[in-house]
Visitor: 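Take a look at this one; I'll ask things after.
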Protein chains: 2
Amino acid sequence: MSETVDAPAERSESHPRSSARQRIVEAATELFSTRGYAATTTRDIADRVGIKQPSLYSHFAVKADILIEVELQTFRPTVERFEALHADKALTAGDRLGQLVEFDVRMLCTGSWNVALLGYLPEVRREGLAAGMAAHSHELFLVYRTLVGEALTENGRTETDLGTLTEVVFSLVEGIILRRVHDPHLDADRLAPAVRDAVLAVVR
Amino acid sequence: MSETVDAPAERSESHPRSSARQRIVEAATELFSTRGYAATTTRDIADRVGIKQPSLYSHFAVKADILIEVELQTFRPTVERFEALHADKALTAGDRLGQLVEFDVRMLCTGSWNVALLGYLPEVRREGLAAGMAAHSHELFLVYRTLVGEALTENGRTETDLGTLTEVVFSLVEGIILRRVHDPHLDADRLAPAVRDAVLAVVR
DNA sequence: GTCTATACCGCGATAGAC
DNA sequence: GTCTATCGCGGTATAGAC
């Protein structure tokens, strides 16, 4: 569960001299995202890395462990960033909500692949492999609910059902994941402000 | 491609005396939605229907054809309904947009299973099996764009990027599909008006 | 740690009797 | 149209040499 990370800071950018384990994780990230988990074979991954299929098992005991590591490396940095944005009390709640939305949409638009979709794949959820992503998503939902609540009171709205409105805001942001399925090359600079403005209009 | 439907009107409700073919489609709808297409085996489907696996091939030539039929039966009625709502010129554009959103959210919330997710599964898209759903989605997008455009002029807004705003509205509605993955029992009566109000706030 | 060889299983689909 | 039997393939994972 808790894993020590000893790298200085800039590690996840994929050095040219990455370890074999790291290259496996990166190949799997692409393949799982574009083909799905069940439809990606261990041979696909090994081919992409340039090793033979059984060599994967020197680094991971079972296929599912590769997916777990993909999750960890994908969502760890974003969670940290969310916490920082959430805590910056120098801004109004509306500004913090807006910044969070913009950051979130940019993450969903600009990652190399549409990794966020992974947590919604039925085979991933059914095999209980989405625990990390579900936890991340739930934590993020709580942050959104806090900010939406603060923004509402800031705007003098006390009548609204906070839970439902947070669901709507969350739906608006996460919907970007599905948009990206239709168009893999979303323009973050165009969409992020538009979604931010939409969220702020909803809580106003 | 074009298939004659000779049933009177009420056929898709699954009679107790359904044909074997129809029971296959209904079992597959549930299994594909909850386990994914690749992860659902033809034996799974046959077991659910109460026949042996090879008997499926008396009704469908290949597994993919079952998915195609699931798509057809799922999306045909909704498209017809969309057309009707879109064409009702007795209402203002805002009202028509609101009604369309409410209807759409209710469809996404209340179907027996989260079928809409099917069109976003990587393995379905990669094998070119999402054509029907993609066409449905594109057609729906055009309807939304028209209504969003009319609502904007109705509200005196001419400055806005119509394409981007339509993407935002669409994202808001489709995001419900992902919400339902987290919570399969969404309350349509609570969410549909909330999403409608959010959309109307965004175009105001 | 990577390789070759292979075990073992479950998949989609076919053949042919009834 | 459904059954039993089975084929051929490709999946994950292991064994053991190097």
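Chain A is the first sequence line, chain B the second, and so forth, proteins listed ahead of strands; every chain is numbered from 1. Scope of the values below: all heavy atoms of this structure, side chains included, with no hydrogens, waters or symmetry mates.
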Visitor: Taking atom types as modelled, find out whether B/Gln22 and B/Gln73 have a side-chain donor-acceptor pair closer than 3.5 angstrom.
Guide: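 Yes, B/Gln73 and B/Gln22 have a side-chain donor paired with an acceptor closer than 3.5 Å.
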Visitor: Calculate the interatomic distance between A/Arg43 atom CZ and D/dT14 atom C1'; express it in whole Å.
Guide: 13 Å
Visitor: Can you measure A/Phe60 atom CZ to D/dA13 atom P for me and round it to whole angstrom units?
Guide: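 Result: 13 Å.
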Visitor: Extract, from 5' to 3' on DNA chain C, the first and final nucleotides lying under 4.0 angstrom from some heavy atom of chain B.
Guide: C/dC11 to C/dT14
Visitor: Could you tell me if the side chain of B/Leu172 sits less than 4.5 Å from the side chain of B/Val168, heavy atoms only?
Guide: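 B/Val168 vs B/Leu172: side chains apart.
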Visitor: So which nucleotide from D/dA5, D/dT14, D/dG11 ends up closest to the side chain of A/Thr41?
Guide: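 Between D/dA5, D/dT14, D/dG11, the one nearest the side chain of A/Thr41 would be D/dG11.
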Visitor: Quick one: A/Lys63 NZ to D/dG10 P, roughly how many Å, whole number?
Guide: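 These atoms are roughly 16 Å apart.
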Visitor: Roughly how many Å is it from CD in B/Gln53 to P in D/dC7, rounded to a whole number?
Guide: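 Rounded to whole Å, this separation is 15 Å.
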Visitor: Whole-Å distance between D/dT12 P and A/Ile24 CD1?
Guide: 14 Å
Visitor: A side-chain contact here means heavy atoms from C-beta on lying under 4.5 Å apart; do A/Val101 and A/Tyr144 qualify?
Guide: yes
Visitor: Can you tell me which residue among B/Arg35, B/Arg48, B/Arg23 is in a salt bridge (Lys or Arg N to Asp or Glu O under 4.0 Å) with B/Glu30?
Guide: B/Arg48
Visitor: Heavy-atom distance under 4.5 Å between the side chains of B/Thr146 and B/Glu150, does that happen here?
Guide: yes
Visitor: Is there a side-chain contact between B/His182 and A/Glu174 in this structure, where contact means two heavy atoms from C-beta onward sitting under 4.5 Å apart?
Guide: yes
